[in-house]
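Notes to accompany the following structure.
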Amino acid sequence: MTENLATLIGKRGPIRTIGVIGMGYVGIPAAALFADVPHFEHVYGFQRDSASSGYKINMLNRGESPLKGEEPGLEELLGKVVGAGKFSCTADFSKIAECDAVTLAIQTPFKDKKDLLPDFTPLIEGLRNVGRHLTPGMLVVLESTITPGTTAGMAREILEGESGLVAGKDFALAHAPERVMVGRLLRNIREHDRIVGGIDEVSTARAVELYSPVLTAGTVIPMTATAAEVTKTAENTFRDLQIAAVNQLALYCEAMGINVYDVRAGVASLKGEGITRAILWPGAGVGGHCLTKDTYHLERGVQVLGGELDFPAGRESLYTLARGINDFMPEHMLRLTESGLAQVGKTLKGSKIALLGWAFINDSDDARNTPAEPFRDAALAAGAEVRVHDPWVDPATSPDAPPGLSRDLAGVLSGADAVVVFAGHKEYRGLVPAEVRRLCGYERPVIVDGRNIVDPDAFVAAGFIYKGIGRGDKNTYSVT
Ligand SMILES: NC(=O)c1ccc[n+]([C@@H]2O[C@H](COP(=O)([O-])OP(=O)(O)OC[C@H]3O[C@@H](n4cnc5c(N)ncnc54)[C@H](O)[C@@H]3O)[C@@H](O)[C@H]2O)c1
């Protein structure tokens, strides 16, 4: 089988033309970096002309990045590769047929977490388009995060069904998961090791040829497609688990009247050969496209691949339990807000809340699955008035911007009974307590810090009731 594929690839020669399907946080930097490789001749960014994302096509063809957070080097690189004629974006999927290699970087959210049902509709549409224009000897790589078993299962079936070609015989197929974090997309792609898993050795080798030229510090780690799928979903599951561990510790520290950040510094100080505590940071919750769903892809993989699982009967998986703890943090933020208000004789009902930071990452416009949203909804349900401020999320273009999102900080703070910090944006780090209090207009406003970015003593000295995640040392401060 693979001998035929090796011959077809040999006839085709080195990879010259590349297609990247899905122009989002993952696809745009990947396409720009491929286009910057001297021996890759042209890269097509394929973006469907949808109501929410179609605008990206013209922007990218002007060399502008539609990602609005700080992405060092991205705008410059796009300008360079568009100017050199090496990158163009299109909704014309027939151009896939011109490509030697096609990668898919399409969103893979979850429809129903409880029943472990992913929404693969956009990915299926993308795979169908690739299948329709697949040519012998082409390489297809899934970069999206997917349920283990998807590359060699669903993706193979769709590609074969649409093309009439056979994976591993007529075309190469692999999974090379993206391991980037918003805010450092280019650096991460260049410097992180790249997991590359083909459905066979020829597919893996062709995918290694595609990714090696963009790596500066990272190296390629080859494995099977299914092992690559498990690696990706497990690495995010572990990160979520580590955040849950420190969030639970933060809740304990609050109950025990101590500062979780002191404990964190103490635990992290233990270093030495074989010692890895790797303690992360607690906070107001976990958001984004990845950590909120990848645990469910991993859990579902066990079902999809159908193996027998030996596990304590009736006990929830450690990973989904961790998800539940992280999902609880916005609710805890509301309890802190409620208890702060109670100290000055107020209730959530009728109070005005200034919610600062809608994006889930500091200094970024990425607001997907933001933990600020369940907080806002619960506060509204309790009868509070909530005004949201974020200097990064664009109310005009972000599909995740809430109605009424404001960029006027003074206006949002004006008349607020409680100021609730959900994101550690740099704009909030310099908040001047006396100025915030003046804008709130109360003798004793409440401040709730979900990211430990304000100085509790300075706010208390200025008259605030302070509450903070993990700040058991300060949360018990009583009003005299
Ligand atoms: N955002 C991250 O930091 C990150 C990191 C690692 C992995 N991932 C994974 O990478 C994948 C993509 O994530 P993202 O953040 O780039 O998503 P995104 O939503 O930012 O981008 C996806 C893009 O694909 C487009 N699209 C959807 N269906 C299409 C189709 N059929 N044809 C052409 N275009 C289509 C969308 O319109 C959108 O522009 C997901 O599986 C995600 O879990 C994301």
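Read the numbers this way: they start at 1 and go in the same order the structure lists the ligands and their atoms.
Relative orientation of the His42 and Tyr44 rings is perpendicular, given thresholds of 30° and 60° on the angle between their planes.
For the pair Thr108 and ligand 1, the shortest N or O to N or O distance falls below 3.5 Å. For ligand 1, one of its N or O atoms has an N or O atom of Tyr25 under 3.5 Å away. Residue-to-ligand polar distances keep Glu143 apart from ligand 1: every N/O pair is separated by 3.5 Å or more. Between Ser50 and ligand 1, a contact under 3.5 Å exists for no N or O pair.
Close contacts of ligand 1 with Ile21, meaning ligand atoms under 4.0 Å from a residue heavy atom, involve 32 (N), 33 (C). Near Gly126, the atoms of ligand 1 lying under 4.0 angstrom from a non-hydrogen atom of the residue are 31 (N). Heavy-atom proximity to Ala105, at under 4.0 Å, picks out these atoms of ligand 1: 12 (C), 22 (C). Residue contact check: Lys56 has heavy atoms under 4.0 Å from atoms 38 (C), 39 (O) of ligand 1.
For an aromatic pair to be called close, the ring centres must be under 6.0 Å apart, and Tyr211 with Phe34 satisfies this. Taking the six-membered ring for Trp and the full ring otherwise, the centers of His389 and Phe422 sit at least 6.0 Å from each other.
For atom 16 (O) of ligand 1, the closest heavy atom belonging to the protein is Val26 N, 2.9 Å. In this structure, atom 2 (C) of ligand 1 lies nearest to the protein heavy atom Cys290 SG, 3.9 Å. Atom 3 (O) of ligand 1 has Val180 O, 3.5 Å as its closest protein atom, hydrogens excluded (heavy atom only). The protein heavy-atom contact nearest to atom 24 (O) of ligand 1 is Gly22 CA, 3.2 Å. Of the protein's heavy atoms, His289 CD2, 3.5 Å lies nearest to atom 13 (O) of ligand 1. The protein heavy-atom contact nearest to atom 43 (O) of ligand 1 is Lys293 NZ, 2.6 Å.
Checking Val182, Thr145, Asp49 against atom 9 (C) of ligand 1, the nearest heavy atom belongs to Thr145. Ranked by closest heavy atom to atom 34 (N) of ligand 1, the top entry among Arg128, Arg368, Met23, Arg48 is Arg48.
With respect to Glu125 and Arg128, no salt bridge is recorded, no charged nitrogen being found less than 4.0 Å from a carboxylate O.
With Arg323 contributing its side chain and Thr295 its backbone, the two residues share no donor-acceptor pair below 3.5 Å. A distance-only check finds no donor-acceptor pair linking the side chain of Arg471 to the backbone of Tyr261 [under 3.5 Å].
Put simply, the residue from Asn369, Asn236, Asp327 that forms a side-chain hydrogen bond (donor to acceptor under 3.5 Å, both in side chains) with Thr292 is Asn369.
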